[in-house]
Structure formats: structure tokens, C-alpha cells
Amino acid sequence: MIRPILRYGERPLHETAAEVTTFDDRLQQLIDDMIETMYAAPGVGLAATQVGVLQRVFVVDLSLGRTAADLIVMVNPSFVSREGTQLEEEGCLSAPGFNATVVRPGQAIVKGLDRHGSEQTIEGTDLLARAFQHEMDHLDGVVFIDRLRGIKREMIVRKIQKLKKSGKW
Ligand SMILES: [Zn+2]
């Protein structure tokens with residue numbers, strides 16, 4: 001089932017998610033729904049907080065569903081290491097229409113659990129490292145806009161507030 005994606009300013013999106021403690025049917029349903037929602041959007045990543053569920057789960061698929069092996073489901077993730085920096089344009093399904101350049105690690109190793117609770121460690125470089133950092137941020141209630149500084153951030157926030165007032169957000 002495709003779930004509605006929360007937008008910047010909607011509260012649960014800005015809250016910190018809690019660790020998953022039970023790998024039950026409900027979690028499996030959430031993960032299936034997140035994958036379906038990500039592909040439908042389409043996007044390369046989605047965190048549970050974006051569908052209003054405050055649990056530490058994210059899905060990433062740089063192939064947008066074209067290569068089954070590229071689908072990553074991470075539960076209770078944490079960084080093992082982060083190295084280097086990259087500076088690329090970034091967007092978010094929770095902030096449609098907005099892009100900005102964000103500093104991210106060039107390489108990131110994330111460990112966590114798969115959808116059945118088995119440990120896994122995945123190394124990402126370039127876009128995958130960026131996606132890992134972006135989704136990990138979501139689990140802490142941070143959207144890429146929050147990582148911007150100064151005028152760029154103010155401009156985006158102001159535009160979003162305007163859209164909200166006119167009922168278009
Ligand atoms: Zn996002």
C-alpha cells in the first residue's frame with residue numbers, strides 16, 4: 001500500500017524515531033509499504049519518519065526498482081565510519097520542487113539489521129553514501145533543508161510557508 005509522504009513542516013517528520021524492538025508482521029507491512037511508496041514516488045530512498053512512523057527504518061534503491069539486488073532495507077542503522085566529503089545537489093520526497101547543494105560524506109559504512117533482524121553492514125560511496133546520510137538524518141528528524149545555512153535555507157523555508165498559506169503544500 002502506498003502511504004502518503006509527509007512534507008516539510010509536518011510534525012512527525014521533524015521528530016526522532018525510536019529503535020525497532022519487534023520484527024513482527026506490522027514491521028514487514030511497514031517495510032513493504034515503504035518500498036512501494038518509494039518506487040511510486042519515484043525516489044531513491046525513504047525513511048519511516050517520512051510516512052509518519054517514528055521507527056528507525058529506511059529503504060534505499062539507487063536503481064529505482066530496476067535491479068532487485070540494489071534494494072537496501074535498514075533497521076536500527078548506525079554509522080561505522082564516514083570519510084571524505086562530497087558536495088552535490090540534493091532533493092527530498094518530503095520537499096518536492098526544492099533542491100540544494102549539501103555537504104555529505106564521500107564514503108559511509110552503515111551497519112544495522114535487515115527486515116528479519118539479521119545483522120548487516122553496507123558500504124556506500126558517492127550517491128549511496130549521500131543516500132545513507134540523508135536517510136539517517138530523517139531518522140533523527142533532520143531534513144536536508146535543515147542542513148542548509150543562511151539565505152538559501154531562509155529562501156526555501158519562506159517559499160514553503162507561502163505554499164502552505166495558499167494550500168499548495
Ligand atoms: Zn528525504
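Everything numeric in this text was worked out from a predicted model, so none of it was measured. Order of appearance sets the numbers: ligands from 1, and atoms from 1 within every ligand.
Qualifying salt bridge (Lys or Arg N to Asp or Glu O under 4.0 Å) partners for Asp70, counting only residues two or more places apart in sequence or in other chains: none.
Listed by chain and number, the protein N, O or S atoms at a distance under 2.8 Å from the Zn ion (ligand 1) are Cys92 SG, His134 NE2, His138 NE2.
At most 12 heavy atoms of other shown residues, nucleotides or ligands fall within 6.0 angstrom of atom CG in Asp25.
The side-chain contact (heavy atoms from CB on, under 4.5 Å) test with Arg115 singles out one residue from Val20, Val57, Asp32, Val59, and that residue is Asp32.
The pair Asp126-Arg104 fails the salt-bridge criterion, with no side-chain N (NZ, NE, NH1 or NH2) lying under 4.0 Å from an Asp/Glu carboxylate O. Salt-bridge check for Arg130 with Glu90: passed, with a basic side-chain N closer than 4.0 Å to an acidic carboxylate O.
Classification of the Phe132-Phe58 ring pair by plane angle, with boundaries at 30° and 60°, yields tilted.
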